[in-house]
Number of protein chains: 2
Amino acid sequence: MRITYKGDYALKTILDLALNYNNGVVTIHDLAKRLDIPVKFLEQVLLNLKKGGFVESRRGKIGGYLLAKHPAKIKVGDVVRFVEGYVEPIACIENGYKGCRDLYRCAFRPVWQRVDEATKSVIDSVNFEELVEKARANRRNFVYSI
Amino acid sequence: MRITYKGDYALKTILDLALNYNNGVVTIHDLAKRLDIPVKFLEQVLLNLKKGGFVESRRGKIGGYLLAKHPAKIKVGDVVRFVEGYVEPIACIENGYKGCRDLYRCAFRPVWQRVDEATKSVIDSVNFEELVEKARANRRNFVYSI
DNA sequence: ATAATCTCTATCATATTGATAGAGTATACA
DNA sequence: TGTATACTCTATCAATATGATAGAGATTAT
């Protein structure tokens, strides 16, 4: 797994929408400003997240984006898998991979499998409800420390 | 961490040289044939591994490559770090990274750090002496199972 | 009507990836 | 001393991914 800007932006966007859950829609413009993401890039990220069923949109004058599911129902791993396309540390570990002469005798395979399992156990154990709590706590700490 | 062909080839090359440790040099040609790697690509991989201090070379008529250290002294993590350039799941976790507005308040940071630690604990716990044993065992199993 | 918003597709510059090409240098050995 | 057999070095290439920009739509509250 390697997270690119694409994935980073997607995760931060979903966290922002989770922070605004049950609070109406958020516009691309506001998201872009708060998260420091180029507006036109964020457009594509959001359209993709919509295709993935993570967000919904409202068009028109008071339109914007909102989360399609409860934050507790979205895991970090779900988003990474959908946006980046994979989570595995090497292609030969991916499901349905063909193209290695002797996949099952490979001495490295168990190593990659252990990395893969450890990675997934982390990213699939964190949902956006927890992240919202953590983000709010961090914000409080920050304000108090000034 | 995401292993590309570059890293995969490097690891397999070092394993092959480890299997031939104390057994003279191995030519690029033999390595390329056994490992199914394009010769001219393998050249570059080997020159790089030499720069990294993993292998040594002998030029001339009976030249070839050999491991620069004992297989037990080379960890999978060492090779990946050198060849791929990083091991972290995202750039902001890399040492000396600047460029995030509030790195220490980021709700995702602890997630990436956990992935990072888990990954490193795997790849830094496997050395090429163990891999040689495993590879020899796998080869035996294969022969017996025919 | 119109302003504000999302939608869609095309394009772009740059870097990375995986691979190929060819001329050079060193060494064993007949 | 010639030559075959190796490693050495640098350039180049096609294809793809990455991060970003552009502009013309479609929708909706007021």
Side-chain angles (χ1 to χ4, degrees), chain A residues 1-13 16-17 20 24-33 35-52 54-68 80 82-86 89-92 99-100, chain B residues 1-13 16-17 20 24-33 35-52 54-68 80 83-86 90-92 99-100:
Chain A
M1 183 182 68
R2 176 74 175 184
I3 307 294
T4 64
Y5 273 93
K6 196 173 52 173
D8 184 53
Y9 289 167
L11 290 163
K12 285 175 175 165
T13 296
D16 193 299
L17 294 179
N20 287 284
V25 300
V26 182
T27 66
I28 291 184
H29 184 81
D30 286 351
L31 285 166
K33 198 172 170 189
L35 302 176
D36 199 24
I37 303 174
V39 177
K40 297 301 274 182
F41 196 4
L42 185 55
E43 273 184 14
Q44 295 173 67
V45 170
L46 280 164
L47 285 177
N48 193 227
L49 287 176
K50 201 180 154 187
K51 235 191 297 181
F54 296 99
V55 308
E56 286 176 10
S57 61
R58 302 280 177 268
R59 294 173 77 155
K61 183 133 187 192
I62 49 173
Y65 284 90
L66 67 161
L67 232 49
V80 175
F82 177 74
V83 172
E84 300 284 2
Y86 60 81
I90 187 168
C92 62
C100 185
Chain B
M1 182 181 68
R2 176 74 176 184
I3 308 294
T4 65
Y5 273 92
K6 195 173 54 173
D8 184 53
Y9 290 167
L11 290 163
K12 285 175 176 165
T13 296
D16 193 299
L17 294 179
N20 287 284
V25 300
V26 182
T27 67
I28 291 183
H29 185 80
D30 286 351
L31 285 167
K33 198 174 171 187
L35 303 175
D36 198 24
I37 302 174
V39 176
K40 297 300 275 181
F41 196 4
L42 186 54
E43 273 184 12
Q44 296 174 65
V45 169
L46 280 164
L47 285 177
N48 193 37
L49 287 175
K50 201 179 155 187
K51 235 191 296 178
F54 295 99
V55 308
E56 286 176 9
S57 62
R58 302 281 178 267
R59 294 173 77 154
K61 182 134 187 192
I62 48 172
Y65 284 91
L66 67 161
L67 231 49
V80 175
V83 172
E84 300 283 2
Y86 59 80
I90 187 169
C92 63
C100 185

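Every value quoted in this text rests on a predicted model; they were computed, and no experiment measured them. Per chain, numbering begins at 1; letters A, B, ... match sequence-line order.
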Between NZ of B:Lys6 and P of C:dT16 the distance, given in whole Å, is 9 Å
Reckon B:Ile28 touches a base, only the sugar-phosphate, or nothing at all at heavy-atom distances under 4.0 Å? sugar-phosphate
A:Tyr65 and A:Leu17: which non-hydrogen atoms are nearest, and at how many Å? O-CD2, 3.7 Å
Minimum-distance pair of heavy atoms, taken over all atoms of B:Val39 and B:Ala32: CG2-CB, 3.7 Å
Both B:Tyr86 and A:Ser57 contact DNA chain C. Taking the nearest nucleotide for each, which residue is further toward the 5' end? A:Ser57
Nearest heavy-atom pair of B:Val83 and B:Ala10: which atoms, and what distance? CG2-CB, 3.8 Å
Can you check the B:Lys12 NZ to C:dG18 P distance for me, whole Å? 12 Å
What pair of heavy atoms forms the shortest contact from B:Met1 to B:Val80, and how long is it? SD-CG1, 4.0 Å
Using a heavy-atom cut-off of under 4.0 Å over every strand shown, decide if A:Gly63 touches base, sugar-phosphate, or nothing. sugar-phosphate
Looking only at the side chain of A:Tyr65 (C-beta and beyond, no hydrogens), which of the listed nucleotides C:dT27, C:dC6, C:dC8 gets closest? C:dC6
Contacts under 3.5 Å, N or O only, protein and nucleotides 12-14 of chain C:
none

In whole Å, what is the span from the CG atom of B:Asp8 to the P atom of C:dA19? 11 Å
What's the CZ-C1' distance between B:Arg58 and C:dA28, to the nearest Å? 14 Å
I want to confirm an ordering. Mapping A:Pro38 and A:Ile62 to their closest nucleotides on DNA chain D, which one lands closer to the 5' end? A:Pro38
So, does the side chain of B:Lys40 form a donor-acceptor pair with the base of C:dG18 at under 3.5 Å? no
What one should report as the nearest heavy-atom pair of A:Ser57 and A:Lys50 is OG-NZ, 3.0 Å
Round to a whole Å and report the spacing from CG of A:Asn48 to P of C:dC6. 16 Å
Heavy-atom distance under 4.5 Å between the side chains of A:Asn20 and A:Leu67, does that happen here? no
Whole Å only: how far is the CZ atom of B:Arg59 from the C1' atom of C:dG24? 9 Å
Does atom OH of A:Tyr5 have more than 12 heavy-atom neighbours from other groups under 6.0 Å away? no
Ranking A:Tyr5 and B:Glu43 by the position along DNA chain D of their nearest nucleotide, the one closer to 5' is B:Glu43
5' priority, DNA chain C, between A:Lys50 and A:Gln44 [closest heavy atom]: A:Lys50
Report yes if the side chains of B:Leu35 and B:Leu42 come closer than 4.5 Å at any heavy-atom pair, otherwise no. no
Whole Å only: how far is the NZ atom of A:Lys51 from the P atom of C:dC6? 18 Å
Students should find that the nucleotides of DNA chain D closing off the region near chain A, any atom under 4.0 angstrom from a heavy atom, are D:dT18 to D:dA29
Using whole Å, what does the distance between atom P of nucleotide C:dT5 and atom CG of A:Leu31 come to? 12 Å
Check the pair A:Phe82 / A:Asn48 against side chain to side chain contact (heavy atoms under 4.5 Å, CB included), numbers first and verdict last. CA-CA 9 Å; A:Phe82 177 74; A:Asn48 193 227; 3.6 Å; yes
Taking every heavy atom of A:Glu56 against every heavy atom of A:Ala68, the minimum-distance pair comes out as CG-CB, 3.8 Å
